[in-house]
Amino acid sequence: MALRVYNTLTRTKEPFQTVAPGKVGMYVCGPTVYSNSHIGHMVGPVIFDTVKRYLAYLGYKVSWVVNITDVDDKLIVQAQKDGTTVKDLAERVTADYLDCLKALNVTGIDHMPRATEHIGDIIAINQGLIDKGFAYASGGDVYFDVSKADSYGKLSHRDPEELQAGARIEPSSLKRNPGDFALWKASKPGEPSWESPWGPGRPGWHIECSAMSLKILGQHFDIHGGGLDLVFPHHENELVQSESFTGVPFASYWMHNGLLTREGRKISKSDPDTIVLMADLLGEYEPDAIRLLLLSSHYRRPIDYGPTRLAEIARSLQTFHHAFDRFEELTGERFDALEAPTRRHDREGDESAEVKEHRRGFLDAMDDDFNTGGAVGELFEIVRILNRTAAGLTPDSPSHELIEYRAGMTALKELSNLLGLFGKLPDKKQAGGDALTGDLMSLLIELRARLRKEKHYALADEIRNRLTGLGVVLEDGPEGTRWRVEPKR
RNA sequence: GGCGCCGUAGCCAAGUGGUAAGGCAGAGGUCUGCAAAACCUCCACCCCCGGUUCGAAUCCGGGCGGCGCCUCCA
């Protein structure tokens, strides 16, 4: 199966074809940095990070841009509230954003341009649009004249007439048509401002994305992504101004991810309960749980989350962690140290037929518009197969059996990598501390083994229970007792 | 009102024409002194009503219900 991608422009899944052979340019709208990230800000990055991983796996050379909008009304208001400057606020919030991306293993971003670094480009587009008759200056502002672009509305599939009718008309408006939008805004005293042919001012909301995408990815690139809520007006406006400016098609594929709700409620600044900062969430749940939550259904569907849901996901993650521990016991290798293929290959390795089948299932799901939900299901199938195999193995099993088992694990590594999962596993044995902890645990386990041998079960069980209370889990198996520190839930 | 999305087990969720992946929870079992882990088994009249078809969760029509966007929310 070949990759197909749902395109908001055409409202269909289309075969994926790039502008330039073997290369993909991808632009995703990043945050306006006026307040620290909540989980909603992470949906796009995690999804498109996964998209990039898969495209790279298919052999494309991907250039991924996520912008930082660091000048905007909201920043101005917030900076005033905080008694700081727009610049300092933007820097602080951007740093938080980067921390969150790193925690969630979003590693694929190639460029992170700031709007304020592209003022010159923005002014040039303004001028170009005025020269071509698509925009006009009015009282120090510059507006895009939507009546001049007959394709306006093609992304959000809206009738330009109705957009006009429904638009808010401000009494003091300098607009010719109610639907016109600002490309450049005259600045008031005290606001960040730049010199321009129309006087001191700052960029409008949509223009910075056009400037940065055209600059870095060129006039016609492959994928433009963002949240579903950005389709209109942001992307519609970005699209019309870009194509009006360049005269060529802008992005080939528009991909929009679904939005997140918290326990059924829309995440919104006016409903403070719904806002949970990423920094807090990361203190409570392992990053893989958050990443898996976001990838456990199809990216275009809305996702609801809450403590119950996250705990459930974290629980299901344990299956993998246990399997990785078992793998280490049997082979002496750590799962996260396995070298797995980073390119798609249809020659198959030494893994079992069953693993091969689910590996194919995983890739088929990804080919179908990045169906990560279906792919995750295949991952669970594979881990079950490997656990079944492991149950019949010892470190001294015949080498062909261990080779097949290891090949299955390698396939699991290859696939989970595509989802950005299990990249950095906690070092179980050392999670509780240093070598001394290990020695103490060995001592405790040895003494307990003696108790068990002498059938002092009450005391042996008390030791185990009290360790559980400390977050240390003991498991008695045929080959002895193993221990591990349970990750936070 | 306009443009869309969605309704699959207690919960989450894949599946878009051939008779229902997976996860969590639950039940039974194997193993175990017990527990845990792991494995095995079980758990779905696919919102309702019509229609098309040899055959529909899947296509069409009509309901009912939930949700998003409609000028600065990721």
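Computed from a predicted model, the values in this text were never measured in an experiment. Hydrogens, waters and symmetry mates play no part in the numbers below; they use all other heavy atoms, side chains included. Residue numbering restarts at 1 for every chain, and letters A, B, ... go by the order of the sequence lines.
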Between atom [atom1] in [X] and atom [atom2] in [N], what is the gap in whole Å?
X	N	atom1	atom2	result
A:His322	B:rC24	NE2	C1'	15 Å
A:Leu293	B:rC24	CG	C1'	13 Å
A:Tyr299	B:rA14	OH	P	13 Å
A:Arg309	B:rG23	CZ	C1'	8 Å
A:Ile39	B:rC73	CD1	C1'	16 Å

Go ahead and name the base partner of [N]; Watson-Crick or wobble counts if both distances stay under 3.5 Å, otherwise write none.
N	answer
B:rC43	none
B:rA38	B:rU30
B:rU19	none

Quick one: label A:Asn371 by what it contacts on the DNA or RNA (base, sugar-phosphate, nothing), any heavy atom closer than 4.0 Å.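 Sugar-phosphate contact only.
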Please classify the nucleic acid contact of A:Arg384 as base, sugar-phosphate, or nothing, using heavy-atom distances under 4.0 Å. sugar-phosphate
Comparing nearest nucleotides in RNA chain B, the 5'-proximal residue of the pair A:Ser296, A:Val473 is A:Ser296
Name the residue closer to the 5' end of RNA chain B, choosing between A:Lys13 and A:Asp72 according to the nucleotide with the nearest heavy atom. A:Lys13
Can you see if the side chain of A:His157 gets near the phosphate of B:rC3 - specifically, an N or O under 4.0 Å from OP1 or OP2? no
Taking only N and O in the side chain of A:Lys74, is any of them less than 4.0 Å away from OP1 or OP2 of B:rC73?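 True: A:Lys74 side-chain N/O within range (under 4.0 Å) of B:rC73 OP1/OP2.
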Tell me whether A:Phe380 is stacked on the nucleobase of B:rG23, counting only the six-membered base ring and applying the 5.5 Å and 30° thresholds. no
Look at A:Arg466 together with A:Glu462 and state whether they make a salt bridge at an N to O cut-off of under 4.0 Å. yes
Is any side-chain N or O of A:Glu312 under 3.5 Å from a base N or O of B:rG23, one able to act as donor and the other as acceptor?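 Checked by distance alone, the answer is yes.
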Side chain of A:Ser297 (C-beta onward), nearest among B:rA14, B:rA74, B:rC34: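 When the side chain of A:Ser297 is considered, B:rA14 is the closest of B:rA14, B:rA74, B:rC34.
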